[in-house]
Number of protein chains: 2
Amino acid sequence: MEDMTGTGTDKRSYSISEVVALTGLTAHTLRWYERIGLMPHVDRSHTGQRRFHDRDLDWLAFVGKLRLTGMPVADMVRYAELLREGESTFEERQELLEATRRDVISRIAELHDTLAVLDRKIEFYAGARRAPERHRVR
Amino acid sequence: MEDMTGTGTDKRSYSISEVVALTGLTAHTLRWYERIGLMPHVDRSHTGQRRFHDRDLDWLAFVGKLRLTGMPVADMVRYAELLREGESTFEERQELLEATRRDVISRIAELHDTLAVLDRKIEFYAGARRAPERHRVR
DNA sequence: CGCTTGCTTCGAGTGCACTCCAAGGATCTA
DNA sequence: TAGATCCTTGGAGTGCACTCGAAGCAAGCG
């Protein structure tokens, strides 16, 4: 079932600059993510250089999604910690994801609301320009 | 010549503390909004105290919506400026709102995407806990 | 009358998420 | 082998949007 290892493109490893190219993040940000514990674990070469793998790219993609929801980095770090702690944290992880899910749903609702407001105003301007007489709006 | 596109509740004016209570913003923030030009105009009493009206509350509610979309304050200030400049800016205002509308729509799409990812992971955890055998995920 | 609220200026502090720098070391390329 | 390029670290700096504080005075209310 759900596994998300190897979706076709797998490569032994990626240097930090390759990951920069692939994700759009900066090398600084990638190192910072690791420093604050936002990366579950990053391999190193025998000379100490970071060797990212596909699972790291998957994780980074997931983090990118979470970032879009406005989730604070600290919460993502918490999730990464749970991951490092192993299977005993399945329940807590699931709860965290479900709470996030609820947040996302309410953000979507807020945005739909905003969209309605925007549409009303846009319609006002469109109308005012079709018939430039009296109008008042803010 | 009553202006106030009255939607029922109109009151002559509101003190800053009343607006604090009504909007949830702080007095500091309200004064700061005015200072940076984010309020189209705020009346003053003969003694110089701020007198907010319903149109100000409407504006503040609109700003609140825009804030939810992640629009930078500078852009909202721009819109407020256009408002102060009068009818000649109708076209530009409409464009600005339409650009914002497009942003909101793409943010909604991103969030739907994120929701799908979240749902897949939540389903994984639910499944893993129903049948606690092999599993692997990030 | 005295307390609360409000006004001003304006500068400093906060929290977040990066973003960049300096110093020095390793690796790749012609 | 030289030089360019990329890597490491810790720490400092940036930008945004507030958020607060202080000083000192005016106004409102009960």
Side-chain angles (χ1 to χ4, degrees), chain A residues 12-39 41-53 56 59-81 100 103 107 110, chain B residues 11-39 41-53 56 59-81 100 103 107 110 114:
Chain A
R12 227 165 19 277
S13 69
Y14 307 86
S15 71
I16 198 166
S17 61
E18 286 172 310
V19 177
V20 164
L22 289 166
T23 63
L25 297 169
T26 69
H28 277 301
T29 300
L30 254 4
R31 294 188 196 109
W32 178 69
Y33 276 4
E34 191 181 346
R35 210 162 59 233
I36 65 175
L38 187 49
M39 296 302 298
H41 174 75
V42 181
D43 271 7
R44 298 303 179 108
S45 71
H46 67 104
T47 55
Q49 299 192 191
R50 285 174 186 80
R51 290 295 150 209
F52 295 86
H53 300 278
D56 299 309
W59 171 251
L60 254 3
F62 181 50
V63 164
K65 291 287 181 203
L66 293 182
R67 241 179 351 140
L68 289 177
T69 71
M71 179 189 274
V73 167
D75 291 5
M76 298 187 226
V77 169
R78 176 74 190 128
Y79 188 78
E81 269 166 14
T100 304
D103 285 357
R107 288 194 59 66
E110 284 172 351
Chain B
K11 193 189 163 188
R12 229 168 14 280
S13 67
Y14 307 86
S15 69
I16 198 165
S17 60
E18 286 172 310
V19 177
V20 164
L22 290 166
T23 62
L25 297 169
T26 70
H28 274 300
T29 300
L30 254 5
R31 294 193 193 105
W32 177 69
Y33 276 4
E34 193 181 346
R35 213 164 54 234
I36 64 175
L38 186 50
M39 296 302 298
H41 173 74
V42 181
D43 271 8
R44 298 301 179 109
S45 70
H46 67 105
T47 55
Q49 298 191 193
R50 285 174 186 81
R51 289 294 151 210
F52 294 86
H53 300 277
D56 299 310
W59 171 251
L60 253 3
F62 180 50
V63 165
K65 291 286 181 203
L66 293 182
R67 242 178 349 139
L68 289 177
T69 71
M71 180 188 275
V73 166
D75 290 4
M76 299 186 222
V77 169
R78 176 74 190 131
Y79 187 79
E81 269 166 15
T100 304
D103 284 357
R107 287 194 59 65
E110 284 172 351
T114 302

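Just so we're on the same page: letters track the sequence lines, and every chain starts at 1.
Remark: B:R50 is in phosphate contact with C:dC7, judged by side-chain N or O atoms under 4.0 Å from OP1 or OP2. Contact annotation: B:R31 side-chain N/O to C:dC7 OP1/OP2 distance is under 4.0 Å. For the OP1/OP2 pair of D:dT9 and a distance below 4.0 Å, the side-chain nitrogens and oxygens of A:R44 include at least one atom meeting the criterion. Considering only side-chain N and O atoms, A:R35 lies nowhere under 4.0 angstrom from the phosphate OP1 or OP2 of D:dG11. In terms of phosphate contacts, A:Y33 brings no side-chain nitrogen or oxygen within less than 4.0 Å of OP1 or OP2 of C:dA17. Residue A:S17 places at least one side-chain N or O closer than 4.0 Å to OP1 or OP2 of D:dC7.
Put simply, the side chain of A:H28 and the base of C:dC20 share a donor and an acceptor less than 3.5 Å apart.
Following rounding to the nearest Å, B:L30 (CG) and D:dC20 (C1') show an atom-to-atom distance of 15 Å. Rounded to an integer number of Å, the gap from CG of B:L38 to P of D:dC16 is 15 Å. Rounded to a whole Å, the CD1 atom of A:I16 is 14 Å from the C1' atom of C:dC20. Note: CH2 (A:W32) to C1' (D:dA12) measures 15 Å, nearest angstrom. Atom CD1 of B:I36 and atom C1' of D:dC18 are 9 Å apart (whole Å). Atom CD of B:E34 and atom C1' of C:dC7 are 11 Å apart (whole Å). Atom CG of B:D75 is separated from atom P of D:dC16 by 11 Å (rounded to the nearest Å). With rounding to whole Å, A:L25 atom CG is found 9 Å from C:dT19 atom P.
Of the residues B:H53, B:R51, B:Q49, the one that meets the side chain to side chain donor-acceptor pair (under 3.5 Å) test with B:D43 is B:H53.
Looking only at side-chain heavy atoms (C-beta outward), A:M71 and A:D103 stay at 4.5 Å or farther from each other.
Remark: the backbone N or O of B:A80 is not paired with any side-chain donor or acceptor of B:W59 at under 3.5 angstrom. In this structure a side-chain-to-backbone donor-acceptor pair under 3.5 Å is missing from B:T29 to B:L25. Judged purely by atom type and a 3.5 angstrom limit, B:W32 has no side-chain atom pairing as donor or acceptor with the backbone of B:A27.
With sequence neighbours excluded, the residues forming a side-chain hydrogen bond (donor to acceptor under 3.5 Å, both in side chains) with B:E34 are B:R44, B:R50, listed by chain and number.
How far CG of B:L60 is from NZ of B:K65: 13.0 Å, rounded to the nearest 0.5 Å.
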For nucleotides 25-30 of chain C, print each protein N/O atom paired with a nucleotide N/O atom at under 3.5 Å, atom names and distance only.
from   : atom 1 : to    : atom 2 : distance (Å)
C:dT27 : OP1    : A:T47 : OG1    : 3.2

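Distances from the side chain of A:P72 to the nucleotides C:dA17, C:dC18, D:dA17 place C:dA17 closest. Closest approach to the A:V73 side chain among D:dA17, C:dA17, C:dG6 is made by C:dA17 (side chain taken as heavy atoms from C-beta onward).
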